[in-house]
Enquirer: 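Quick one: structure below, then a few questions.
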Amino acid sequence: MKRPSTPAIVFGAVVAVALVVGAIVLSTRGSTPTTLDLGTFEARVRDGEVATATLHDSSSTVTGTLADGTEFVAPYPEQYADEVTTVMLEAGIDPEIDGSGEPLWVVVLLQLLPIAAIVVAMMWLLGSMRGSGTMGKFGRKQLRQPGQGDEPDVTFADVAGCDEAVAELAELRDFLADPERFSAMGATVPRGVLLVGPPGTGKTLLARAVAGEAGVPFYSLSGSDFVEMFVGVGASRVRDLFEQARKHAPAIVFVDEIDAVGRQRGAGVGGGHDEREQTLNQLLVEMDGFEAGSGVIFIGATNRPDILDPALLRPGRFDRQVVVDQPDLVGRRAILAVHAASRPLGPDVDLGVVARRTPGFTGADLANVINEAAILAARHGEPAITMARVDEAVDRVMAGPERRSRVLSDHERRVVAFHESGHALVGHVLVRTDPIHKISIVARGRALGWTLALPEVDRSIHTRADLMDQMAMLLGGRTAEELVFDDPSTGAQDDIERATELARAMVTRFGMSDAIGPLQLGQSSAEVFLGRDLGHEQNYSDEVAARIDAEVRRLVEEAHDTARAILVEHRLVLESLAAALLEHETLAGGQLDALVAPATPRPG
Ligand code: ADP
Ligand code: MG
Ligand code: ZN
């Protein structure tokens with residue numbers, strides 16, 4: 001097509017302007033009702049100045065007349081529908097509810113008209129310019145390109161409460177900022193890092209912060225985008241994205257929700273999802289197509305690392321995992337501070353108190369709390385956010401549908417605190433266990449709390465006494481629950497499983513039971529090699545089986561007795577440990593040592 005003449009462009013522009021103006025005039029025709037913001041509207045209602053009101057559900061507006069006859073329209077955010085209704089009912093106004101929408105579609109249509117006019121005009125202009133030099137080509141290409149690389153302006157300072165993850169990612173930043181320095185030293189830098197953690201803990205934020213810190217472009221795609229796509233689209237998007245990243249290296253390729261495409265192949269009903277597999281295969285091919293040192297780094301994010309295809313985790317792909325946990329008390333405080341920094345806080349707001357009120361909240365929840373508080377303050381025309389508004393916001397966020405399942409009741413927190421304290425105390429007293437480094441009641445994965453014990457030296461041989469101590473420590477959690485609550489919970493399931501497995505191995509594999517003797521019973525070499533139970537290959541009689549069971553039971557009971565004796569003797573230490581855990585949520589280092597110190601360690 002030949003280049004459009006100047007008069008043609010002028011004509012197009014005139015038509016566009018005329019259409020827009022026409023649409024605006026149309027949409028505001030007739031008598032114009034005054035628009036009231038929500039705060040003003042509610043004030044009028046309370047003052048009894050509203051005569052009639054109709055609530056339009058689908059457009060989230062109230063229309064009606066004021067006492068003096070003026071018509072008004074008051075838009076409100078969708079989630080305030082209940083509140084708006086309540087306010088009116090309390091003031092004695094019975095609003096009509098308009099669920100349907102004859103006038104409504106007219107409203108919508110009128111609102112859309114200007115946009116439609118602009119689109120028509122643009123299409124006309126673009127159409128006449130296609131093929132006329134750079135502009136046309138540029139436009140077409142833009143439309144086809146997948147996730148554009150952007151340069152995020154977030155930095156590590158915007159992320160709080162996950163210092164360990166930040167420290168690990170700082171290394172990637174250093175590399176991206178100056179790849180030559182690393183390759184000159186012959187250093188191998190991880191190709192891909194998988195961020196693992198529950199939703200809302202800041203994985204996406206962290207990935208963007210790495211790009212922002214290093215000043216490199218950020219190319220992202222999300223696994224869930226591909227699931228509903230036509231076959232082949234996902235794979236070609238992946239290809240395009242990597243091509244872009246390669247061109248602009250050093251760069252970051254971020255694959256969010258990678259579990260949506262990266263699920264184990266061949267798993268699931270019907271042999272898997274074609275599109276998903278094609279996309280995953282393309283992803284693997286692309287990742288392998290990068291030379292080490294090409295300056296492109298992959299970051300993946302997931303909350304389900306357990307279901308990922310093992311191929312994704314091989315060297316050269318996502319070969320390093322960084323855990324992004326739910327924040328503890330200190331972390332929550334820091335996150336609140338980050339989000340409060342840009343907002344006017346009243347002098348009575350104590351973020352430490354807010355952090356204490358919000359166990360189980362993620363970074364996203366906390367960001368939401370501050371934002372809700374700001375909205376509430378603004379709606380009431382207040383100059384700063386007060387503590388009362390923050391409290392109100394916490395309640396709102398806490399009541400949100402996703403949150404409810406994640407928040408523990410006070411009783412549940414106490415149970416978890418005593419459980420973990422039980423592990424820690426038994427582990428501290430019995431010298432043959434690995435030293436306790438940290439205990440926490442901040443959920444991690446499926447665990448509501450956890451105790452971190454690290455070996456001082458790598459031991460390749462364990463004695464019977466070592467294993468008995470270890471078993472007692474495993475049972476320490478459940479035993480503490482029994483002592484304190486008289487009503488054990490389901491939270492000890494995993495511990496009991498591990499203790500029983502250990503006892504069974506002592507009897508049937510390590511020959512540590514005098515009653516059975518040093519025999520290897522029922523274990524094929526394949527099982528040991530694969531490290532998992534492939535069902536039982538019984539090479540002994542039922543009578544021996546019964547004796548094995550009795551021995552396993554005896555060992556578990558012995559360990560249970562050891563744990564109980566320790567916890568009874570040091571009941572006060574147990575109480576103070578649990579109380580400190582409830583207060584601080586995580587205990588480590590000197591603080592932990594000081595708390596357990598009154599209980600003297602001894603050989604088991
Ligand atoms: P994820 O990707 O883990 O689901 P996001 O990174 O999308 O979580 O977090 C959503 C929002 O919540 C972020 O944009 C940020 O405002 C807030 N947020 C989450 N975690 C943190 C954190 N650790 N520090 C500060 N803000 C956070
Ligand atoms: Mg995310
Ligand atoms: Zn436990």
Side-chain angles (χ1 to χ4, degrees), residues 152-166 169 194-210 212 220-225 254-260 299-304 322-328 330-342 355 361-371 397 402 415-427 436 439-441 443-444 446-453 470-482 488-499 563:
D153 53 9
V154 285
T155 66
F156 288 147
D158 297 307
V159 191
C162 45
D163 302 342
E164 286 160 36
V166 167
L169 293 174
L194 188 62
L195 301 176
V196 176
T201 47
K203 299 181 293 299
T204 308
L205 184 67
L206 271 167
R208 292 176 59 82
V210 176
S220 75
L221 39 88
S222 172
S224 58
D225 293 349
F254 178 59
V255 190
D256 208 352
E257 299 175 56
I258 198 168
D259 44 288
I299 302 182
T302 182
N303 53 353
R304 296 295 312 274
V322 171
V323 174
V324 189
D325 266 326
Q326 262 188 32
D328 63 3
V330 177
R332 290 198 302 273
R333 215 210 118 110
I335 294 172
L336 286 165
V338 164
H339 289 277
S342 57
F361 277 48
T362 61
D365 294 327
L366 295 167
N368 212 352
V369 165
I370 297 290
N371 191 44
V397 174
E402 327 169 43
V415 171
V416 177
F418 272 99
H419 179 104
E420 299 308 328
S421 300
H423 283 309
L425 185 51
V426 173
I436 312 279
I439 61 179
S440 173
I441 56 168
R444 173 179 278 182
R446 280 188 311 132
L448 297 177
W450 42 274
T451 298
L452 179 67
Q470 206 173 312
M471 212 189 315
M473 177 174 159
L474 277 172
L475 294 171
R478 148 60 64 97
T479 312
E481 289 182 41
E482 289 165 0
S489 75
T490 53
Q493 183 197 345
D494 192 51
D495 298 334
I496 291 175
E497 238 173 73
R498 281 171 56 198

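Numbering of ligands and ligand atoms starts at 1, following listing order.
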Enquirer: Look only at the side chain of Thr201 and the backbone of Gly197, and say whether a donor-acceptor pair between them is shorter than 3.5 Å.
Expert: no
Enquirer: Test side-chain contact (heavy atoms from CB on, under 4.5 Å) on Val322 and Val196 and set out the steps.
Expert: CA-CA 6 Å; Val322 171; Val196 176; over 6 Å; no
Enquirer: Before signing off on this row, confirm whether Gly161 and ligand 1 have an N or O atom pair separated by under 3.5 Å.
Expert: no
Enquirer: Provide, to 0.1 Å, the distance between atom 14 (O) of ligand 1 and the closest protein heavy atom, together with that atom's residue and name.
Expert: Leu205 CD1, 4.2 Å
Enquirer: Give, rounded to 10 degrees, the angle between NE2 (His423) and NE2 (His419) as seen from the Zn ion (ligand 3).
Expert: 90°
Enquirer: Decide whether the shortest distance between a heavy atom of Leu206 and an atom of ligand 1 is less than 4.0 Å.
Expert: no
Enquirer: Identify the residue among Ile370, Val369, Asp158 that makes a side-chain contact (heavy atoms from CB on, under 4.5 Å) with His339.
Expert: Ile370
Enquirer: Between Lys203 and Thr302, is there a donor-acceptor pair closer than 3.5 Å when you use the side chain of the first and the backbone of the second?
Expert: no
Enquirer: Mind checking whether His339 has a heavy atom under 4.0 Å from ligand 1?
Expert: yes
Enquirer: Does any part of the side chain of Asp259, heavy atoms only, come nearer than 4.5 Å to the side chain of Asn303, both counted from C-beta?
Expert: yes
Enquirer: Please list the nearest protein heavy atom to atom 18 (N) of ligand 1 with its residue and the distance rounded to 0.1 Å.
Expert: Gly363 C, 3.5 Å
Enquirer: With no hydrogens and no angle check, is any side-chain donor or acceptor of Asp365 less than 3.5 Å from a backbone partner on Thr362?
Expert: yes
Enquirer: For atom 25 (C) of ligand 1, what's the nearest protein heavy-atom neighbour? Residue, atom name and distance, please.
Expert: Asp158 O, 3.3 Å
Enquirer: Any idea which atoms of ligand 1 are less than 4.0 Å away from a heavy-atom of Val159?
Expert: 23 (N), 24 (N)
Enquirer: Among protein heavy atoms, which sits nearest to atom 10 (C) of ligand 1, and what does the distance come to when rounded to 0.1 Å?
Expert: Ala364 CB, 4.0 Å
Enquirer: Which atom name would you report as the N, O or S atom of Asp495 nearest the Zn ion (ligand 3)?
Expert: OD2
Enquirer: Atom 23 (N) of ligand 1: which of Ala160, Pro327, Ala157 has the nearest heavy atom?
Expert: Ala160
Enquirer: Taking only non-hydrogen atoms of Ile335, do any sit less than 4.0 angstrom from ligand 1?
Expert: yes
Enquirer: Could you find the nearest protein heavy atom to atom 4 (O) of ligand 1 and give me its residue, atom name and distance?
Expert: Gly200 N, 2.7 Å
Enquirer: Between ligand 1 and Gly202, is the shortest N or O to N or O distance under 3.5 Å?
Expert: yes
Enquirer: Counting each atom of ligand 1 from 1 as listed, which ones have a heavy atom of Pro199 under 4.0 Å away?
Expert: 4 (O)
Enquirer: Consider only side-chain N and O atoms of Glu420 and Thr451, and report whether a donor and an acceptor are under 3.5 Å apart.
Expert: yes
Enquirer: Between Glu481 and Ser489, is there a donor-acceptor pair closer than 3.5 Å when you use the side chain of the first and the backbone of the second?
Expert: yes
Enquirer: Give the residue, atom name and distance (to 0.1 Å) of the protein heavy atom nearest atom 2 (O) of ligand 1.
Expert: Thr204 OG1, 2.7 Å
Enquirer: Between NE2 of His423 and CG of Leu474, what distance do you get to the nearest 0.5 Å?
Expert: 7.0 Å
Enquirer: For a quick check under 3.5 Å, do Asp256 and Thr204 share a side-chain donor-acceptor pair by atom type?
Expert: yes
